Protein chains: 2
Amino acid sequence: MPSNQRILDLAERLVQTRGYNGFSYADIAASLGVTKASLHYHFPAKAALGKELIGRYERNFLAALAAIDAEVRKPRDKLRRYAGIYAEVLAEGRMCLCGMLAAEYATLPKAMQQELRHYFAENERWLAAVLDHGRRAGELAFKGSAREAAGLLVSSLEGAMMLARSQGNTKRFGALAERLIAGLAA
Amino acid sequence: MPSNQRILDLAERLVQTRGYNGFSYADIAASLGVTKASLHYHFPAKAALGKELIGRYERNFLAALAAIDAEVRKPRDKLRRYAGIYAEVLAEGRMCLCGMLAAEYATLPKAMQQELRHYFAENERWLAAVLDHGRRAGELAFKGSAREAAGLLVSSLEGAMMLARSQGNTKRFGALAERLIAGLAA
DNA sequence: GTCTATAGGTGGATAGAC
DNA sequence: GTCTATCCACCTATAGAC
């Protein structure tokens, strides 16, 4: 009796470690102790599973960002919490789901590509708002648009996760993140 | 009569766009107008092809870095040229070969993982030297070790490439790169 | 909802003729 | 060096019994 939740949980971890093209229904079936066929009852096509994977990930992520807004006031602390989310994921031995999918972008179903763009757009929107407020309040300093600074922040964190894993140096991620935020101090 | 060079050229482009797990001998064979079997004469195993792909990429990259050292003196100009390499690759519709492979790291043959770590280590070594010299000369400014600053630079550029493509915004990469370098100005 | 069985395709790889 | 032919493993997906 694998609920959709459990299937998505396993698929999520697999994509975060091996990528969308790096896992199969057989992997999930083996973990759950069921057959591949029964998974197709819950998710008829892998593309639909993949799309839902991004949707759920984005909902959870946006909820985490809302929690930050509710709990923290200072822009710099918000950025630290934001980077902290990435650090936690990395500490679990995972990559960002959407960072992995961004690398596989050219091979993904159209529906997944669209969901992916939405995820990054929402991400950048939240960061840009934090940066903009921070600059107006005189607590943050950077040149150019907040949007562009936000884009660089997301890019850097995603890239740092990837390279941290492949260099077997997951600890350094925290230092790089802190350096990024320090560079935005007023 | 596909020379090893032509095979590697095609495989390289495929990995840079679709990833190591996203291409097959069939793709290369079709492009060259030969059969899969004849490719196995040149590269018996895909893993060996992949390893050679990284080795060749690294040799070319290090040669480009040596050219920069020979042609440019100012640390900041060296960094601009360095980022320019990434920009050119992106302009061709490609990702960095090793950035793509870093995302697929967990699924790669051991030999490829090893080559990959070497690539990033060499990369960081060159950048750290530039940063260190620049700081000593008073032309660059940053906190902490040059090694760590170099790591952040590589990570950010790799991440920015990935996200630029998935957001359909390859033009912005140049602006992000310039912003990164500007942040290191003395 | 889960199973067995299977279809139809593609993956990397090999043997042996030419 | 390239071909045909083939192997075996794996993939996503479906049909139909239970």
Side-chain angles (χ1 to χ4, degrees), chain A residues 1-55 100-101 103-113 115, chain B residues 1-55 97 100-101 103-113 115-116:
Chain A
M1 49 156 177
S3 66
N4 284 18
Q5 283 297 329
R6 290 197 56 192
I7 294 171
L8 288 170
D9 287 344
L10 286 166
E12 185 177 75
R13 166 168 275 277
L14 283 165
V15 174
Q16 285 181 285
T17 50
R18 306 176 52 85
Y20 180 75
N21 296 319
F23 88 99
S24 72
Y25 273 39
D27 297 322
I28 302 175
S31 287
L32 288 174
V34 297
T35 62
K36 291 185 290 174
S38 87
L39 294 181
H40 279 282
Y41 168 81
H42 298 276
F43 296 96
K46 193 186 179 186
L49 196 172
K51 187 185 171 190
E52 175 56 23
L53 225 39
I54 304 175
M100 289 292 284
L101 295 176
E104 296 177 289
Y105 190 78
T107 70
L108 298 180
K110 284 246 161 68
M112 288 184 68
Q113 294 182 338
E115 288 281 298
Chain B
M1 48 154 181
S3 66
N4 285 19
Q5 283 295 331
R6 289 197 56 193
I7 294 171
L8 288 170
D9 287 344
L10 286 167
E12 184 178 74
R13 165 167 277 276
L14 284 166
V15 174
Q16 286 181 284
T17 50
R18 305 176 52 87
Y20 181 75
N21 296 319
F23 88 99
S24 72
Y25 273 39
D27 297 323
I28 302 175
S31 286
L32 288 174
V34 297
T35 62
K36 290 188 293 172
S38 87
L39 294 181
H40 279 282
Y41 169 81
H42 298 275
F43 296 96
K46 192 186 180 186
L49 197 172
K51 187 185 170 191
E52 175 56 24
L53 225 36
I54 304 175
L97 181 88
M100 288 293 283
L101 295 176
E104 297 176 291
Y105 191 77
T107 70
L108 298 179
K110 285 246 161 67
M112 287 184 68
Q113 293 181 339
E115 288 282 298
L116 200 56

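Order of the sequence lines sets the chain letters (A, B, ...), proteins ahead of strands, with each chain counted from 1. What's counted below: heavy atoms across the whole structure, side chains too, no hydrogens, waters or symmetry copies. Since this is a predicted model, take the numbers as computed values, not measurements.
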- Message: From C-beta outward on B:H42, which listed nucleotide comes closest to its side chain: D:dG1, C:dT2, D:dC11?
- Response: D:dG1

Between the protein and nucleotides 4-9 of chain D, which nitrogen or oxygen pairs are less than 3.5 angstrom apart?
none

- Counting side-chain heavy atoms from C-beta on, which of D:dA13, D:dT2, C:dA13 comes nearest to B:Y41? D:dT2

- Query: Between B:I28 (CD1) and C:dT10 (C1'), how many Å, whole number?
  - Reply: 15 Å

- Roughly how far apart are B:H42 NE2 and B:E52 CD, rounded to 0.5 Å? 14.0 Å

- Taken to the nearest whole Å, NE2/A:H40 to C1'/C:dT6 is 13 Å

- Message: Please report the interatomic distance CG(A:D9) to CG(A:L53), rounded to the nearest 0.5 Å.
- Response: 9.5 Å

- Under the side chain to side chain donor-acceptor pair (under 3.5 Å) test, residues paired with B:T107 that sit two or more places apart: B:N21

- Task: Quick one: pull up CD in B:E12 and CD1 in B:I54 and give me the separation to the nearest 0.5 Å.
- Result: 11.0 Å

- Task: Check the distance between C:dG1's P and A:Q5's CD and give it to me in whole angstrom.
- Result: 14 Å

- To the nearest 0.5 Å, what is the distance between OH (B:Y25) and NZ (B:K36)? 11.0 Å

- Nearest non-hydrogen partners of B:A11 and B:I28, listed with the distance: CB-CD1, 3.7 Å

- Item | A:K51 NZ: over 12 foreign heavy atoms closer than 6.0 Å | no

- Query: Rounded to whole angstrom units, what separation is found between the CG atom of B:L39 and the C1' atom of C:dT10?
  - Reply: 16 Å

- Message: Could you tell me how far apart A:K46 (NZ) and D:dC11 (P) are, to the nearest whole angstrom?
- Response: 9 Å

- What integer distance in Å separates A:R6:CZ from C:dT2:P? 11 Å

- A:Y20 and A:V15: which non-hydrogen atoms are nearest, and at how many Å? N-CG1, 4.0 Å

- Task: Specify the residues of residues 16-24 of chain B, ordered by number, for which at least one heavy atom lies under 4.0 angstrom from an atom of DNA chain C.
- Result: B:F23, B:S24

- Task: State, to 0.1 Å, how close B:A29 and B:L39 come at their nearest heavy-atom pair, and which atoms those are.
- Result: N-CD1, 3.6 Å

- Note on the structure: note: B:Y25, atom OH; D:dG1, atom P; distance rounded to Å ~ 16 Å

